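Numbers restart at 1 for each chain; the letters A, B, ... are given by sequence-line order, proteins then strands. Computed from a prediction, not measured in an experiment: that's the story for all the values here.
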Number of protein chains: 2
Amino acid sequence: MSTSPAAYHHGNLRDALLAAGLQALEGPGGKAPSLRELARAVGVSPTAVYRHFPDKHALDKALAREGLKLLGNEQAVAAKEAGGGAAGFAATGRTYVRFALAHPALFRLMFTQGHPVGDGEAPDEARALLTANTQALASDPERAELLALQAWSIAHGIAMLMLDGRIPADDALIERMLDTKSVFP
Amino acid sequence: MSTSPAAYHHGNLRDALLAAGLQALEGPGGKAPSLRELARAVGVSPTAVYRHFPDKHALDKALAREGLKLLGNEQAVAAKEAGGGAAGFAATGRTYVRFALAHPALFRLMFTQGHPVGDGEAPDEARALLTANTQALASDPERAELLALQAWSIAHGIAMLMLDGRIPADDALIERMLDTKSVFP
DNA sequence: CCTCTATGTTTACAGTGTTTACTTTAACCG
DNA sequence: CGGTTAAAGTAAACACTGTAAACATAGAGG
């Protein structure tokens with residue numbers, strides 16, 4: 001799933017580009033890399049990239065998917081550590097916002113790729129976890145779906161507004177804003 | 001406040017640039033214009049822009065402020081038409097999301113300029129309206145501030161997720177998700 | 001009227017995404 | 001094996017971007 005050490009310069013250019021892209025995006029202070037930057041980082045000519053991605057946007061979409069995987073994993077372990085149930089659900093939300101603050105550039109990229117709603121892609125782990133949680137917590141499944149979208153929206157809104165500096169990126173504030181008793185009683 | 005017909009080519013280049021920028025951004029299918037595009041649209045050399053803005057980012061920030069004004073106005077009239085109070089508050093939220101869907105590029109620009117939270121700028125009308133509404137609806141003023149941030153976050157989250165195509169941009173869905181009885185009982 | 005300052009223009013540079021044409025490398029198969 | 005073929009890489013070029021430096025031109029004020 002990443003950077004197999006053998007056959008770097010030849011062989012798996014695609015994976016190498018994604019790895020270099022993630023490294024550039026990760027962490028606070030991460031930046032969205034240019035296509036040429038990534039080619040340089042991997043030691044290849046800019047046009048070589050086009051053998052593996054039709055254009056820059058496709059590369060970005062692939063990086064976004066990679067980011068979604070990371071987020072899903074972090075959420076899954078956080079939910080498990082919290083013991084599942086309502087506590088796990090809450091942990092999921094906190095982790096979402098913290099992930100955004102920890103990897104601003106990556107998080108922005110993940111949600112700026114124009115992901116048409118009806119495309120046949122399988123739902124990412126984060127999304128699957130969300131619906132599973134709400135289905136377990138709500139009786140009515142339709143109401144559960146609405147709850148899922150609302151929970152997603154408030155977490156996403158908090159994350160975005162904090163990233164943009166519209167709301168102080170305070171950890172205690174995250175806690176209060178996401179308090180399930182207050183928002184979803 | 002816009003495009004005074006006299007003295008176009010000489011005089012108010014700054015306003016002309018902002019007007020051209022807004023026109024490019026407005027509407028669905030709007031796009032973030034390049035500095036050179038705007039210069040062309042106004043009939044001026046690219047570097048002339050630098051007499052009025054230190055760099056592209058400053059221009060974008062000015063456009064973002066312009067967009068916030070537009071949003072604030074729309075929200076104000078919507079709240080007034082709904083008769084104020086709780087109904088007005090709800091109208092404010094709906095208008096927020098609808099504005100985002102009606103002007104995707106502008107909305108994105110408005111919230112991607114890195115607006116450091118502590119800077120001395122006066123709060124925009126949208127923000128002022130928000131706190132006024134929650135102060136009126138909640139007894140405890142501290143609880144009102146939290147409610148304001150939560151309401152903002154959920155509206156912002158819905159808007160962003162719909163813009164990114166993660167959630168269907170359905171008007172009825174907006175209504176259900178923002179239903180105050182369901183979210184803030 | 002003459003000067004000075006605000007506001008433009010020209011030219012140039014480094015960087016970007018992308019196309020086209022060319023070269024190498026590896027794999028396949030008779 | 002050995003030769004052909006397709007995959008994967010390179011080089012050069014194009015149109016575009018934001019920006020800097022040096023120069024030109026009003027228009028206003030003393």
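Taking atom CZ of residue A:Phe53 and atom C1' of nucleotide D:dG9, one finds them 15 Å apart after rounding to whole Å. Going from atom CZ of A:Arg14 over to atom C1' of D:dA7 covers 16 Å, rounded to whole Å. In this structure, A:Asp15 atom CG and D:dA8 atom C1' are separated by 15 Å, rounded to whole Å. Atom CZ in B:Arg51 sits about 12 Å away from atom P in D:dA21, given to the nearest Å. Rounded to whole Å, the distance from NE2 on B:His52 to P on C:dA6 is 12 Å.
Residues satisfying the side chain to side chain contact (heavy atoms under 4.5 Å, CB included) test with B:Pro104, not counting sequence neighbours, are B:Leu163. A:His52 is linked by a ring-ring contact (aromatic ring centres under 6.0 Å, His included) to nothing, counting only residues two or more places apart in sequence or in another chain. Shown here are the salt bridge (charged side-chain N to carboxylate O under 4.0 Å, His left out) partners of A:Lys56, two or more places apart in sequence or in another chain: A:Asp60. Shown here are the side chain to side chain contact (heavy atoms under 4.5 Å, CB included) partners of B:Ala138, two or more places apart in sequence or in another chain: B:Ala144. The side chain to side chain contact (heavy atoms under 4.5 Å, CB included) test applied to B:Ala24 returns B:Pro33, not counting sequence neighbours.
Crowding of A:Glu121 atom CD: a count of heavy atoms from other residues, nucleotides or ligands under 6.0 Å exceeding 12.
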Pick out the pairs of N or O atoms, protein on one side and nucleotides 14-18 of chain C on the other, that lie under 3.5 Å.
residue, atom, partner, partner atom, Å
C:dT16, OP1, A:Ser34, OG, 2.9
C:dT16, OP2, A:Arg40, NH2, 2.6
C:dG17, OP1, A:Leu35, N, 2.9
C:dG17, OP2, A:Leu35, N, 3.0
C:dG17, OP2, A:Arg36, N, 3.1
C:dG17, N7, A:Arg36, NH1, 2.5
C:dG17, O6, A:Arg36, NH1, 3.0
C:dT18, OP2, A:Tyr50, OH, 2.9
C:dT18, OP2, A:Lys56, N, 2.8
C:dT18, O5', A:Tyr50, OH, 3.1
C:dT18, O4, A:Arg36, NH1, 3.4

